[in-house]
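Heads up, the thing below is written out as structure tokens.
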Amino acid sequence: MGIFDIITPAFFCPPQNNEKRLAVLKKNIKFVELEISTFCNRRCFFCGNKDIDRRSANRYMDEDLYLSILQQLQEFQYTGKLAFHRYNEPLADPIIFTRLRQARTFLPEALLCIFTNGDYLDRDMFLHLEELGVREMEISAPYFDEGEVYSPEEARNRIEGR
């Protein structure tokens with residue numbers, strides 16, 4: 001049983017009609033988010049995981065599970081957005097490069113996207129991500145603590161490490 005067999009109600013697309021099932025999946029699934037590892041270098045006041053230790057150890061999504069998800073998306077020629085993030089920092093670990101290569105192999109038409117806090121991003125990494133097929137990147141501005149007042153100058157200082 002695959003992940004899409006679980007999320008696709010039987011009354012909506014009966015399992016015996018695979019062609020219809022794949023058409024329904026292709027029509028309706030447009031955005032998939034994956035958290036391939038647990039590490040995050042920040043503790044943002046608004047994050048639901050701010051009190052969980054996500055720094056001292058990094059746990060990875062099982063590669064077989066990851067490849068299974070890609071294969072299931074490939075079944076219906078997924079062309080939507082495949083975003084790498086969630087409660088982690090995807091650019092903190094070089095495994096992202098392997099995962100992007102795998103995603104591009106299985107899903108040549110998907111829109112590969114990275115959500116990052118930008119702390120690990122530099123020009124070389126940006127160019128490498130582009131080379132691997134990333135076509136969209138969302139970079140968070142530096143977060144301010146609860147109660148702090150945002151200013152462009154202070155945001156610039158934080159980005160530049162001042």
Of the options T116, D119, L91, which is the one that meets I139 in a side-chain contact (heavy atoms from CB on, under 4.5 Å)? T116
With respect to V134, which candidate in L100, I96, L82 satisfies the side-chain contact (heavy atoms from CB on, under 4.5 Å) definition? L100
Thinking salt bridges, do E131 and R104 make one under a 4.0 Å N-O criterion? no
Less than 4.0 Å between a side-chain N and a carboxylate O, is that true for E63 and R99? yes
Reported [atom1]-to-[atom2] distance for the pair [X] and [Y], which is rounded to 0.5 angstrom:
| X | Y | atom1 | atom2 | result |
| --- | --- | --- | --- | --- |
| T105 | R101 | OG1 | CZ | 9.0 Å |
| L132 | L112 | CG | CG | 9.0 Å |
| F106 | Q71 | CZ | CD | 4.5 Å |
| N117 | H85 | CG | NE2 | 13.0 Å |
| C40 | N58 | SG | CG | 10.5 Å |
| D124 | D122 | CG | CG | 5.5 Å |

More than 12 non-hydrogen atoms from neighbouring residues, nucleotides or ligands closer than 6.0 Å to [atom1] on [X], yes or no?
| X | atom1 | value |
| --- | --- | --- |
| Q77 | CD | no |
| R135 | CZ | yes |
| F39 | CZ | yes |

Measuring only between side-chain heavy atoms, which start at C-beta, is N41 closer than 4.5 Å to Y120? yes
Pairwise side-chain contact, M125 with R123, heavy-atom cut-off 4.5 Å (strictly under): no
Which is it for E35 and T38 under the side-chain contact (heavy atoms from CB on, under 4.5 Å) test, yes or no, and what are the steps along the way? CA-CA 7 Å; E35 181 177 304; T38 60; 4.1 Å; yes
List the steps and the verdict of side chain to side chain donor-acceptor pair (under 3.5 Å) for S68 and Q72. CA-CA 6 Å; S68 173; Q72 291 173 65; 2.9 Å; yes
Can you name the nearest heavy-atom pair linking [X] to [Y], along with the distance?
| X | Y | value |
| --- | --- | --- |
| S37 | Y60 | CB-CD2, 3.8 Å |
| M137 | L121 | SD-CD2, 3.6 Å |
| I29 | V32 | CG2-CG2, 3.9 Å |
| F84 | A103 | CZ-CB, 4.2 Å |

Evaluate the criterion side-chain contact (heavy atoms from CB on, under 4.5 Å) for residue pair R21 and E75; output intermediate values, then yes/no. CA-CA 10 Å; R21 180 181 73 87; E75 270 188 78; 3.1 Å; yes
Plane angle bin for F31 and F115 - parallel if under 30°, tilted between 30 and 60°, otherwise perpendicular: perpendicular
Examine F97 and L111 and state if one hydrophobic cluster contains both, with Ile, Leu, Val, Met, Phe, Trp and Tyr joined whenever side-chain heavy atoms are less than 4.5 Å apart. no
Grouping I, L, V, M, F, W and Y whenever their side-chain heavy atoms are under 4.5 Å apart, do I36 and Y87 come out in a common cluster? no
Main-chain N/O of L70 paired with Y78 side-chain donor or acceptor, under 3.5 Å: no
